[in-house]
Amino acid sequence: MNPTQTLAPRQAAQNAAYFSFRDPFVFRGEGFVPTTAEPFAYQYYDKNRMVLGKRMEDQLRFATCYWHSFGWGGTDPFGEPSFLRPWHGAGDPMAQALRKADVAFELFRLIDSPFFTFHDRDVAPEGATLRESNDNLKRIEAVFERKMDETGVKLLWGTANLFGNRRYMAGAATNPDPDVFAYAAAQVKQVLEMTHRLRGANYVLWGGREGYETLLNTDLKRELAQLGRFLNLVVEHKHKIGFKGQILIEPKPAEPTKHQYDYDVGTVYGFLKAHGLESEVKVNLEQNHALLAGHTFEHEIALAGALGIFGSLDMNRGDEMLGWDTDQFPNNLPQVAMTMYEVLKAGGIGQGGLNFDAKLRRQSIDPDDLVWAHATAMDLCARALLVAERMIEDGALQQHVQTRYQGWDTPRGRAILQGERTLEALAREVETEGLEPRPVSARQERLEHLVNGYF
Ligand code: XUL
Ligand code: CO
């Protein structure tokens with residue numbers, strides 16, 4: 001048999017569409033009735049609809065994540081891969097990476113995802129040396145460039161995987177060995193430059209292994225100093241190459257390590273302050289990470305907004321019953337609506353976006369499950385945005401908050417905040433005026449009733 005004959009059927013299978021859907025999903029509105037020919041249409045995601053002065057697409061900036069959607073095989077701590085994607089089997093890893101890229105862009109087209117996100121090792125195989133890994137990455141970069149041009153899909157962020165390979169088991173920047181620090185720096189340089197060339201809007205650093213298991217073998221003070229140095233190097237290089245995107249840290253309190261340094265927004269802000277980076281670096285917040293830190297997602301967004309470091313969102317949720325990072329697609333309207341309300345209050349999504357750093361459940365093994373998961377989540381977020389828009393436009397909640405704090409607009413309130421009252425002066429005022437504060441209701445239940453009315 002001649003070699004082209006053996007190759008031909010394989011090539012055909014390689015080029016076949018991965019999903020059963022052919023046409024990209026469109027917006028059909030709330031009354032949409034699914035048919036066999038058109039099982040799905042957006043009922044809320046009307047990308048050109050104006051929401052608070054911006055196109056809906058620009059308020060949301062949805063992104064599909066490469067890692068969990070195409071890299072992850074459906075493993076769990078007890079089970080082997082369940083998805084059996086064609087590019088996960090045996091074969092030439094570079095050919096598999098190319099097939100994966102085809103399927104990824106097929107999904108972006110079907111769901112009309114304006115952005116995507118990736119780790120270096122999600123998109124191209126790791127080689128025997130860093131140079132080999134970088135060469136693989138460059139080949140995929142050229143493919144991305146072409147596909148991005150053809151489809152108009154943009155890059156929300158790139159990031160380097162500094163946690164998967166065993167060289168990083170004791171940390172990347174926080175490793176006791178400076179050689180590992182150097183290797184991580186080289187890897188970040190490559191991906192930051194690639195992100196820049198692909199006109200990425202952000203660069204993310206999630207400190208997957210930047211933490212510790214036990215203080216018995218850990219010099220915490222040194223490790224924090226190393227992490228500060230590393231982040232400064234990244235920021236320096238960003239300016240050197242003229243990258244205009246945001247540098248984002250993604251807080252997470254634990255998992256994979258027992259204690260991670262980027263615990264939550266408050267911790268990250270303190271760290272940035274300590275290293276003079278609070279105006280250089282922002283945060284990428286993930287719902288499940290917030291929960292693991294004992295916060296709501298809304299709390300983390302509101303705090304980041306208040307501190308001026310709100311950057312972007314990973315929309316995957318956790319499960320109230322489980323204390324680990326389940327990375328599920330969002331599906332709870334009130335929860336996501338409150339999230340979107342906090343995003344709008346924090347000034348909007350800006351250069352960030354709503355990334356689905358989410359995993360299918362392990363039993364969702366049909367290729368089309370990927371399509372359903374993303375499209376359903378996008379429609380839910382769009383619906384949540386419309387609820388949040390009503391909340392903002394109605395203004396009743398904001399009005400309540402304003403009224404609650406109006407005492408601070410009186411001469412005494414202003415004088416205190418402007419530093420014009422000492423403890424002694426305040427004590428004198430209370431005594432001479434016979435001041436006795438008048439408790440008022442915070443009206444929580446009434447406000448909850450009000451919020452229910454927006455859904
Ligand atoms: C891990 C996580 C990562 C980051 C990027 O929990 O969320 O996917 O988003 O490294
Ligand atoms: Co994430």
Side-chain angles (χ1 to χ4, degrees), residues 61-73 75-77 104 115-123 126 155-165 168 171-174 184 187-188 190-192 194-195 200-211 227 230-231 234 245-265 268 281-293 295 297 300-301 304 310-319 322-330 339 349 352-360 374 377 381:
R61 292 167 61 88
F62 287 127
T64 304
C65 118
Y66 224 94
W67 187 25
H68 291 151
S69 301
F70 310 107
W72 184 60
T75 49
D76 72 11
F115 291 93
F116 74 110
T117 62
F118 71 87
H119 296 84
D120 47 0
R121 302 297 174 249
D122 309 337
V123 299
E126 177 147 18
L155 178 61
L156 185 66
W157 49 258
T159 185
N161 178 329
L162 305 180
F163 46 86
N165 189 291
Y168 293 125
T174 60
Q187 211 178 312
V188 168
Q190 178 71 24
V191 189
L192 181 58
M194 172 174 174
T195 302
N202 306 273
Y203 183 84
V204 165
L205 294 131
W206 168 58
R209 301 267 170 206
E210 313 295 24
L227 195 56
F230 194 88
L231 195 55
V234 175
Q246 307 179 118
I247 302 288
L248 305 176
I249 286 194
E250 186 173 322
K252 187 175 183 182
E255 200 196 337
T257 53
K258 178 173 150 180
H259 180 100
Q260 282 177 210
Y261 295 125
D262 302 331
Y263 195 95
D264 59 2
V265 169
V268 167
V281 178
K282 294 184 173 172
V283 283
N284 181 41
L285 301 173
E286 182 168 315
Q287 200 243 10
N288 206 165
H289 297 182
L291 291 188
L292 293 175
H295 305 303
F297 201 17
E300 290 289 81
I301 297 167
F310 174 60
S312 195
L313 296 181
D314 278 1
M315 286 306 288
N316 31 309
R317 68 184 169 93
D319 184 307
L322 303 174
W324 68 88
D325 198 5
T326 59
D327 280 331
Q328 286 165 257
F329 282 86
T339 301
I349 202 69
L354 268 57
N355 176 45
F356 299 112
D357 191 17
K359 293 174 177 153
L360 292 173
H374 281 91
C381 292

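None of the values given here were measured: they were computed from a predicted structure. Values below: all heavy atoms of this structure, side chains included; hydrogens, waters and symmetry mates excluded. Atoms within a ligand are numbered from 1 in the order they appear, just like the ligands themselves.
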Between the side chains of D120 and Q187, is a donor N or O closer than 3.5 angstrom to an acceptor N or O? yes

Measuring from the Co ion (ligand 2), count protein N/O/S atoms under 2.8 Å, please. 4

For the 3.5 Å polar cut-off, considering only N or O atoms, please tell me whether T159 and ligand 1 meet it. no

Of all heavy-atom pairs between Q260 and G208, which one has the smallest distance, and what is that distance? OE1-O, 3.3 Å

Is T64 reaching over with its side chain to a backbone N or O of F116, donor-acceptor style, under 3.5 angstrom? no

Look only at interatomic distance and state if W206 has a nitrogen or oxygen under 3.5 Å from any nitrogen or oxygen of ligand 1. no

Stepwise side chain to side chain donor-acceptor pair (under 3.5 Å) check, N355 with T117: CA-CA 8 Å; N355 176 45; T117 62; 3.1 Å; yes

So which bit of N284 gets within less than 4.0 Å of ligand 1, heavy atoms only: side chain, backbone, both or neither? neither

Do the side-chain N and O atoms of D327 and N316 include a donor-acceptor pair separated by under 3.5 angstrom? yes

I'd like to know whether F329 forms a ring pair (Phe, Tyr, Trp, His ring centres under 6.0 Å) with H374, so could you lay out the CA-CA distance, the side-chain angles of the two residues, the decisive distance to 0.1 Å, and finally the verdict. CA-CA 8 Å; F329 282 86; H374 281 91; 4.9 Å; yes

If you measure every N or O of W67 against every N or O of ligand 1, does any of those distances drop under 3.5 Å? no

Heavy atoms only: which of K252, H119, E250 lies closest to atom 9 (O) of ligand 1? E250

Could you establish whether H289 and ligand 1 come within less than 4.0 Å of each other, counting only heavy atoms on the residue side? yes

For ligand 1, which atoms sit closer than 4.0 Å to a heavy atom of E286? 2 (C), 7 (O)

Are any of the N or O atoms of H68 closer than 3.5 Å to those of ligand 1? no

Angle between ring planes, F163 versus W206, binned at 30° and 60°: parallel, tilted or perpendicular? perpendicular

Atom 8 (O) of ligand 1 - nearest protein heavy atom and its distance: D357 OD2, 2.8 Å

Ligand 1 to D314, heavy atom cutoff 4.0 Å, flagged ligand atoms 9 (O)

Between D325 and ligand 1, which residue portion shows a heavy-atom distance shorter than 4.0 Å: side chain, backbone, both, or neither? side chain

